[in-house]
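The block underneath contains the structure these notes are about, expressed in structure tokens.
Quantities reported herein were computed from a predicted structural model and do not represent experimental measurements. Chain identifiers are assigned alphabetically (A, B, ...) following the order of the sequence lines, protein sequences preceding nucleic acid strands; residue numbering begins at 1 within each chain.
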Amino acid sequence: MPSTVPIEWYVALTITMFTIGALGVLLRRNAIIIFMSVELMLNSANLLFVAFARHLSDLQGQVLVFFVITVAAAEVAVGLALIVVIFRSKHSINIDEINMLKG
Amino acid sequence: MNAFGLAPLILILPVIGILFNGLVGRRFVVANRKTGEKWSGWFATAMVLGAFLVSILLMYSLFNNDFHAEIIPLFTWINIPAANLNIPWALQIDTLSVTMMLVVTGVGSLIHIYAIGYMHGDPNFSRFFAYFSLFIFFMLILVSANNYLVTFVGWEGVGLCSYLLISFWWDRVDKDGVPMNANAGRKAFVVNRIGDFGVILAIILLFWTFGTLNYQPLFESAIEMFTSGQMVEFGPYSLPVGVVLTAVTALLLLGVAGKSAQIPLYVWLPDAMAGPTPVSALIHAATMVTAGIFLIVRSEVLYEIARESGTLILGLVSSPDLVAYVGGFTALLAGLIAFTQTDIKKVLAYSTVSQLGFMVAAAGMGAYVAAMFHLIMHAFFKALLFLGSGSVIHGMEHGHHEISQHGEEDDFDPQDMRTMGGLRHRMKTTFWVYLIGSLALAGIAPLGGFWSKDEILAHSGEHLVGVYILLLIAALCTAFYVGRMLQLVFFGKPRHEAADHAHESPSLMTRPLIVLAILTIFGGLMNLPFIQEARAERANNHPESVYLGLEGWLEHTIQAFELTEEGVVHLPHTPIVLSPTVAGLSLLLAIAGLTAGFIVYRKRPKTATDPDPLQRTPIWWLSILPLNTLYMKGFVPVFNRFAAWLAFAVDWNFWHDFVHDNLIRDMFVTFAGFLADVIDAQGVDGAVNGAGKVTRSFAGALGRLQTGHVRNYALSIFLGAVALLVYFLYFAR
Amino acid sequence: MGNPLLFIILAAIAIAAALGMLLSRNAVHSALFLVLNFATIAVFYIVLNAPFIAMVQVIVYAGAIVVLFLFVIMLLGAEQLRALGSVSGSDRWQQILAGILALVLVGVTIIALLQAGGSGSEAIPLIDSSPTALGLELFGSYLLPFEVTGVLLLAAMIGVVVLGLSKKRGEDA
């Protein structure tokens, strides 16, 4: 293909997705939605890594993405387990009600 | 054998006694009176006996050392190199100091033993012995010193102990409410101080002239300076050494007059009888008062140079002759005063003054050995007499206790001779020893007192006829008042029931008396003229010194010498031969005086209130010169007013009220208040509390960040992340 | 880097899916939008010459993680919750702040990108990104992180099991 997509486009896309994910973390009250937003953020970072791996002809970007996916999976598992546990005691997943660590 | 190393023990042992009795002795006495007194008293006595033993050992060491003096340094006392002032504390063990040590510790230990019995029952028993040990300590410092300043330390110290011991019963008041013991102590101290003033000036002059105060170098350089005609510089003036030494010896005479109770400073000694009798015996008869004579004998070189220089004080008399005349007049005056005393201890006090006059006169005339001989003998028989009088007083008190029903007749004075009489039968031991002492005092051969007094008379007969006459009349007076005393106390009939019921004192008191009596009888053997003659012969044939008699013993320290242009020429010993005229005359006068006293007082006074037989004769007005009145009316009020001014105006109003209270205390309080209220409460507390408050409010503010809401945390993270990104993009190129 | 047109289409889908996930009231709908986003990302990966990663993305993310999400949503009955509910006063300013920050972030970045200028559009050679090459890289220089990640997964598993224990047993443990 003669014309390629400049790397800056990918950066812009990534930033946008990341911002949407951040807004999701900040604005939503449902804990599960917040989790999903975090996953979105992670994904945007992954996308950028792979884009740069392609751009710099370096395989290490993909290796890192590999690891990130793994860790994200583990994190989701543990986080959802935590939410289940909290739900058992508080019967709510509205994170505004989870403020027992109020200082 | 060489026991010089033991010399410091003579100082250490009394200190142990002081510490024991001062610190723990009281507990022993309080716990169990009988055994406690034994512990306290015998401990002190053991210390003095120990010192006596050491003195004997030192005597033997001197024998083996060819009688050469030994200096045993203890430590460097004052050392100021910038002023060339180096005064060590060292012991000078020579024949003179050992003689004094033996007298002090020997007679002292006997008096210690006596005092255990005499002070029985006194609530301050151990304090007494602590003071006694303190006195022995200072007296030994005085005699064993090797320089003038350390001697002066001892000089002052014995003055202090005299004060402490005279006013031992300081809380007793007589019937007018006057604390007579305390006053007597103070009088002794103040009068002594006047004498000390002279001694201090003399010491300063000596240091200025010779640059050292140690005896041996000082004396050597004195002789050198005198024979070489060197002058002493006093700023723009310069004086020959002889004149300076005349001044020094005259100033020393002032000190001697204070310490040894000569005219005009004898007034404290009769008052000092307010102290317990052992004190009177030890301090005011045997040892302290002889310190003056010791000082003169020690400074023999200075006196001889003063004599040789021919300098006359006020153009009248040379300094040593002045000493002799002062001694002579004192002897006569005190002897006359003793005629009229009714208190037995006062008689002995004036007798002491008189005998001290004999000694001082002898020393002034250059008869140093005679003076020392009389000093030793006088120590024996005067201590004997004082202790004997204590025994008599003890007996009278017991008698009074027996007859009185619970404190009636409170103004009974057990020391008043007018109430005594006939005690010869009731107190036999005391009588015999007292008789021996009295005869020795009067100068009856062959008791010791005769030999020593006779030697002085002989010397004076050869040198200063005026002094000879004075001393002869004084000897006559001595015999008279001795006879009077004996007659009033021991003979005749008791003039009071208390005397009737008197009984002998316990053996603890009488045994030392017996020992002293023996010493009195045989003490004269020390320096009999015959011995001196034999010695002189031997010395002239064999130039090596030969020890024989006191004269030979002392000669190694006090040598007769003559100063010529070639320097010092030690005179060969020319003994005073026993001239039958002098000896016979004095003996005759003694017997005459005694007899006269006996006769006058034989039958009268019959009762205690009868007037003294002498009062009807016109002799009595010869008694007390107005010196005592002068002191009481002239000096005492002025002194009291000055002291009161110092106490109230200067010390109390100015120093305490103004300086201390207002100035220092108020200033301090204000400053402390400032520190406490302003700096501490507001400043420091404010800072500390403020720091706490700030932290708390800050923490409180920060704590509000911990909302517990995850979203807020996330927001802050996001905020931080964005800020970082902006920074890295734009500002961290 | 692919065809610009393809990029734009895919980017639009991805952003739309993200927005859909953000704004959807129903949690299940959000999850489904997320799946769409993941799938789009996977396509991106393929375009960017990372086939293995793309497959891993589909398998792990879309296949396992989102399924897990859906399980939990069903378990907790969370689809009834409202989305952006009522906000209290103090929360309002936080939301506004969040919006501002988001705009700042995007704006700053885009401005920076525009200022950076083009990096050239030469063709960049493709590298070997087959599983073999990736495997060699993983087991070569990244062996330690690989093993550590394995341990991490183990720990996560154990943690999940522990957390998932029932109340009674959970209190004892």
Side-chain angles (χ1 to χ4, degrees), chain A residues 1 3-13 15-17 19-24 26-30 32-33 35-37 39-40 43 46-47 50-51 53-55 57-60 62-63 65-67 69-78 80-85 87-88 93-94, chain C residues 1-4 7 11 14-15 18-19 21-22 27 30-31 34 37-38 41 44-45 48-50 53 56-57 60 64-65 68-69 72-73 76 78 81 83-85 95 98 102 105-106 109-110 113 116 118-119 121 124-125 127 129 133-134 137-138 142 145 149 152-153 156 159-160 163-164:
Chain A
M1 294 166 249
S3 58
T4 53
V5 179
I7 190 70
E8 291 84 4
W9 289 23
Y10 278 102
V11 177
L13 171 64
I15 287 288
T16 313
M17 273 176 57
T19 314
I20 294 172
L23 282 175
L26 294 172
L27 299 181
R28 295 290 306 246
R29 283 176 308 128
N30 193 333
I32 299 177
I33 306 295
F35 250 106
M36 291 199 282
S37 310
E39 293 310 310
L40 186 61
N43 260 287
N46 282 347
L47 177 61
V50 173
R54 171 74 176 89
H55 182 67
S57 298
D58 192 348
L59 202 55
Q60 290 185 38
Q62 296 189 15
V63 172
V65 168
F66 183 84
F67 283 120
I69 291 176
T70 315
V71 173
E75 167 229 334
V76 164
V78 174
L80 286 177
L82 275 173
I83 287 179
V84 169
V85 168
F87 184 79
R88 278 200 216 138
I93 50 172
N94 182 351
Chain C
M1 303 277 266
N3 199 338
F7 173 84
I15 290 176
L19 282 172
M21 183 216 81
L22 178 69
S30 294
L34 194 64
N37 193 6
F38 288 164
I41 302 281
F44 263 119
Y45 288 158
L48 288 170
N49 193 31
I53 301 296
V56 169
Q57 165 95 348
V60 173
I65 289 177
L68 193 56
F69 269 117
V72 174
I73 289 170
L76 303 184
L81 281 185
L84 299 167
Q95 288 183 338
L105 183 60
V106 175
T109 314
I110 297 205
L113 286 172
S119 58
S121 339
I124 300 169
I127 55 170
S129 55
L134 206 58
E137 192 71 31
L138 265 180
Y142 289 91
T149 312
L152 178 76
L153 284 171
V160 167
L163 283 171

Notebook entry, point to check: Going through the checks in order, is the side chain to side chain contact (heavy atoms under 4.5 Å, CB included) test met by A:Y10 and A:H55?
Noted result: CA-CA 11 Å; A:Y10 278 102; A:H55 182 67; over 6 Å; no

Of all the heavy-atom pairs spanning [X] and [Y], show the shortest one and how long it is.
{"X": "C:A18", "Y": "A:L40", "result": "CB-CD2, 3.7 Å"}
{"X": "A:A12", "Y": "C:L113", "result": "N-CD1, 3.8 Å"}
{"X": "C:E137", "Y": "A:V63", "result": "CG-CG2, 3.5 Å"}
{"X": "C:L153", "Y": "A:T70", "result": "CD1-CG2, 3.5 Å"}
{"X": "A:R28", "Y": "C:M21", "result": "NH1-O, 3.7 Å"}
{"X": "C:Q57", "Y": "C:F38", "result": "NE2-O, 3.5 Å"}

Heavy-atom distances under 4.5 Å only: say whether [X] touches chain A with side chain, backbone, both or neither.
{"X": "C:N37", "answer": "side chain"}
{"X": "C:L134", "answer": "both"}
{"X": "C:S30", "answer": "both"}
{"X": "C:V60", "answer": "side chain"}
{"X": "C:A64", "answer": "neither"}

Next item on the list: Using a cut-off of under 4.5 Å on heavy-atom pairs, state which of C:I15, C:I110, C:V56 scores highest against chain A.
Entry: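 Result: the option with the highest number of such pairs is C:I15.
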
Is [X] in contact with chain C via its backbone, its side chain, both, or neither, using a 4.5 Å heavy-atom distance?
{"X": "A:D58", "value": "backbone"}
{"X": "A:M17", "value": "side chain"}
{"X": "A:V85", "value": "side chain"}
{"X": "A:L26", "value": "side chain"}
{"X": "A:A77", "value": "both"}
{"X": "A:L13", "value": "side chain"}

Name the member of [options] that forms the most heavy-atom pairs with chain C at distances under 4.5 Å.
{"options": "A:V84, A:L82, A:L23", "result": "A:L23"}
{"options": "A:N46, A:V71, A:L80, A:N43", "result": "A:N43"}
{"options": "A:T19, A:V78, A:L59", "result": "A:L59"}
{"options": "A:V50, A:T16, A:V65", "result": "A:V50"}
{"options": "A:A74, A:S57, A:G24", "result": "A:S57"}
{"options": "A:V76, A:I33, A:V11, A:L47", "result": "A:L47"}

Check: Could you walk me through whether A:F35 and C:V72 pass the side chain to side chain contact (heavy atoms under 4.5 Å, CB included) check?
Finding: CA-CA 12 Å; A:F35 250 106; C:V72 174; over 6 Å; no

Margin query: Could you tell me if A:Q62 and C:Y45 have a donor-acceptor pair between their side chains, going purely by distance under 3.5 Å?
Written below: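 Their side chains do not contain a donor-acceptor pair, so the 3.5 Å distance test is not met.
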
Notebook entry, point to check: Roughly how far, to the nearest 0.5 Å, is OH of C:Y142 from CZ of A:F67?
Noted result: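 Those atoms lie 8.0 Å apart.
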
Next item on the list: Measure up the C:F7 and C:F44 rings against each other and bin them: parallel (under 30°), tilted (30 to 60°), perpendicular (over 60°).
Entry: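 Taking C:F44 first and then C:F7, their aromatic rings stand perpendicular (interplane angle over 60°).
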
